[in-house]
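Structure record follows, encoded as structure tokens.
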Number of protein chains: 2
Amino acid sequence: MNTDRTEGDEPGVSTTRKTFRLLEALRDEDGISITELTRRTGLTKSTVYRHLKTLTDLGYVIERDDRYYIGYRFLEISEQARSRKTGYTVAKRKVFELGQETDERAVFIAEEDDEAVYLHRYGSLSETMIGKRRPLHSLAAGKAILAAWDDERVADFVDRNGLESITDRTITDPEALAAELETIRERGYAVNNQEHMDGLRGVAVPVYTPEDELLGALSVFGPTSRLKDEYVHEKLPSLLQDKAGEIKVTLAYR
Amino acid sequence: MNTDRTEGDEPGVSTTRKTFRLLEALRDEDGISITELTRRTGLTKSTVYRHLKTLTDLGYVIERDDRYYIGYRFLEISEQARSRKTGYTVAKRKVFELGQETDERAVFIAEEDDEAVYLHRYGSLSETMIGKRRPLHSLAAGKAILAAWDDERVADFVDRNGLESITDRTITDPEALAAELETIRERGYAVNNQEHMDGLRGVAVPVYTPEDELLGALSVFGPTSRLKDEYVHEKLPSLLQDKAGEIKVTLAYR
DNA sequence: ATTAATGTTCCGGGTAGCGGAACGGAATCC
DNA sequence: GGATTCCGTTCCGCTACCCGGAACATTAAT
């Protein structure tokens with residue numbers, strides 16, 4: 001999948017790579033000491049020390065009694081990306097409304113680098129999912145996005161990434177995907193039946209700006225026990241389409 | 001305020017500083033070319049080029065027809081900080097409920113590095129405010145946090161940062177602040193009357209975990225025209241205290 | 001008191017980050 | 001259509017500065 005390069009000759013600024021290696025270790029551990037970081041990252045203690053001091057000095061990392069944490073300053077950066085388009089902030093509210101009205105999980109997803117990224121989410125209070133990345137072809141929202149692309153772009157996508165199997169229901173055949181996308185285009189919504197996780201069904205619709213630029217997709221999902229056929233194919237699609245329409249209208253008249 | 005160091009001898013890893021100088025320029029501009037970045041940052045073109053290639057290779061920066069953007073990958077980092085404590089995610093929902101029930105702006109704020117940081121927000125769809133930093137003493141939520149500290153910690157805070165005047169109503173006298181904090185402690189909520197912005201009033205309460213650890217503060221604010229005395233001192237405080245209580249309870253029984 | 005583990009500081013060596021300049025391509029202008 | 005301008009990209013020599021190892025400081029445990 002990725003062009004294997006002989007170990008140790010990664011291009012560009014290696015110091016920056018070290019910085020992010022550290023930041024990712026901080027992200028995964030949440031509250032970690034210097035020596036522990038040296039173990040995780042394989043860097044020298046003095047290197048870790050110097051980098052952390054720089055990052056805390058910049059305010060991006062917080063130190064509290066010899067443990068280091070990701071600082072809130074990253075919010076300033078990430079939030080800019082998440083509100084790059086006004087549609088995204090409108091979508092945030094719609095996701096919340098969807099969650100409250102259906103009492104299921106609701107998300108807004110955008111595509112980046114051929115992957116589905118969770119931008120907004122309503123659901124269980126513990127895991128946030130925001131920022132997490134998933135294969136486009138395994139999610140209802142991802143398929144809604146793919147269906148909004150033209151065939152050539154989809155073909156390129158498949159060439160680059162393949163169609164990895166996540167569960168035994170995941171669509172892994174390019175032709176089956178093409179057919180699926182065609183029905184999505186026809187009926188205006190996408191359905192996911194345990195293709196990403198056993199026991200989970202979902203429905204999604206694409207979201208467009210008034211200028212018909214694709215923003216992403218709104219989706220509601222939940223356990224198969226609650227998401228029966230009638231609910232999935234009647235109520236949810238129209239509800240989602242309403243919300244997508246409201247986003248469009250809000251953008252037009254703001 | 002900050003110890004002035006003779007130009008050019010900033011400690012630590014200078015390459016990392018360059019990286020963040022670039023990222024902050026990307027954040028402020030949203031879609032910017034290489035040459036434009038050299039102007040903004042004062043770095044050489046080749047340096048900018050090499051750094052950007054590294055960052056896009058890492059996936060943290062996105063390039064689309066010769067313009068560079070902050071990538072969603074930063075969400076993975078920042079969201080970890082924002083959900084470090086479960087209380088924060090619970091607060092997110094409470095902020096939304098507050099916004100819907102009052103039809104005013106609602107926020108959840110935490111303290112970091114002696115500053116108030118917006119972690120969650122309900123309000124106008126354009127500006128997000130999330131991640132933005134403000135002086136603690138100029139916000140209702142900030143004062144609620146300060147009131148939760150003991151006198152010594154507050155004194156240290158004042159020593160380090162002073163009490164900058166934001167509007168002509170901002171509390172700038174340490175003794176006046178001490179008195180204000182005392183009344184906040186007594187009545188259990190903080191009020192901000194145009195101390196941060198003319199025409200804006202706010203109310204806030206502290207938020208605690210079941211173990212009585214301070215998480216941050218919930219706040220509702222809006223124009224003075226709508227936030228009359230009775231509303232500010234009767235309805236809002238009890239509403240906010242209810243929500244703060246609900247957070248505590250949710251954490252206790254999850 | 002001793003040991004161990006961790007954060008901090010120092011310093012010499014060599015890597016790799018830097019900057020300047022040159023190249024190639026695309027758009028603009030006359 | 002040739003000239004000009006403005007970019008992004010590449011190359012290369014220099015040296016700044018990043019790195020790693022080791023020594024030192026500090027704390028906690030036994």
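Values in this document were obtained by computation on a predicted structure and should not be read as measured data. Residue numbering restarts at 1 for every chain, and letters A, B, ... go by the order of the sequence lines.
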| query | Can a salt bridge be assigned to the pair A:R73 and B:E115 using a cut-off of 4.0 Å between side-chain N and carboxylate O? | reply | yes

| field | B:K85: salt bridge (charged side-chain N to carboxylate O under 4.0 Å, His left out) partners, not counting sequence neighbours | value | B:E213

| task | Would you kindly say whether B:T19 and A:T16 are connected by a side-chain donor-acceptor distance under 3.5 Å? | result | yes

| Where do B:A81 and A:G71 come nearest, in terms of heavy atoms and distance? | CB-O, 4.2 Å

| Of all residues at least two apart in sequence or in a different chain, which pass the salt bridge (charged side-chain N to carboxylate O under 4.0 Å, His left out) check with A:R40? | A:E29, A:E36

| Base versus backbone protein contacts along nucleotides 8-20 of chain D [heavy-atom cut-off under 4.0 Å; B, S, -] | BBB-------SBB

| So does A:D212 pair up with A:K248, basic N to acidic O under 4.0 Å? | yes

| task | Taking heavy atoms of chain A and a 4.0 Å limit, find me the 5'-most and 3'-most nucleotide of DNA chain C within that range. | result | C:dT6 to C:dG17

| field | Divergence of helical axes at both termini of the helix from C:dA1-D:dT30 to C:dC30-D:dG1 - five pairs an end, 10° steps | value | 40°

| message | Does this structure show an ion pair linking A:K132 with A:E127, if we count only N-O contacts that are shorter than 4.0 Å? | response | no

| note | Taken in chain and number order and not counting sequence neighbours, the residues that satisfy side-chain contact (heavy atoms from CB on, under 4.5 Å) with B:S138 are B:P135, B:I166, B:T170, B:H196

| request: Anything under 30° is parallel, anything over 60° is perpendicular, the rest tilted; go ahead and classify B:F108 against B:H120. | output: tilted

| request: Would you mind reporting whether A:E24 and A:R27 have side-chain heavy atoms less than 4.5 Å apart? | output: yes

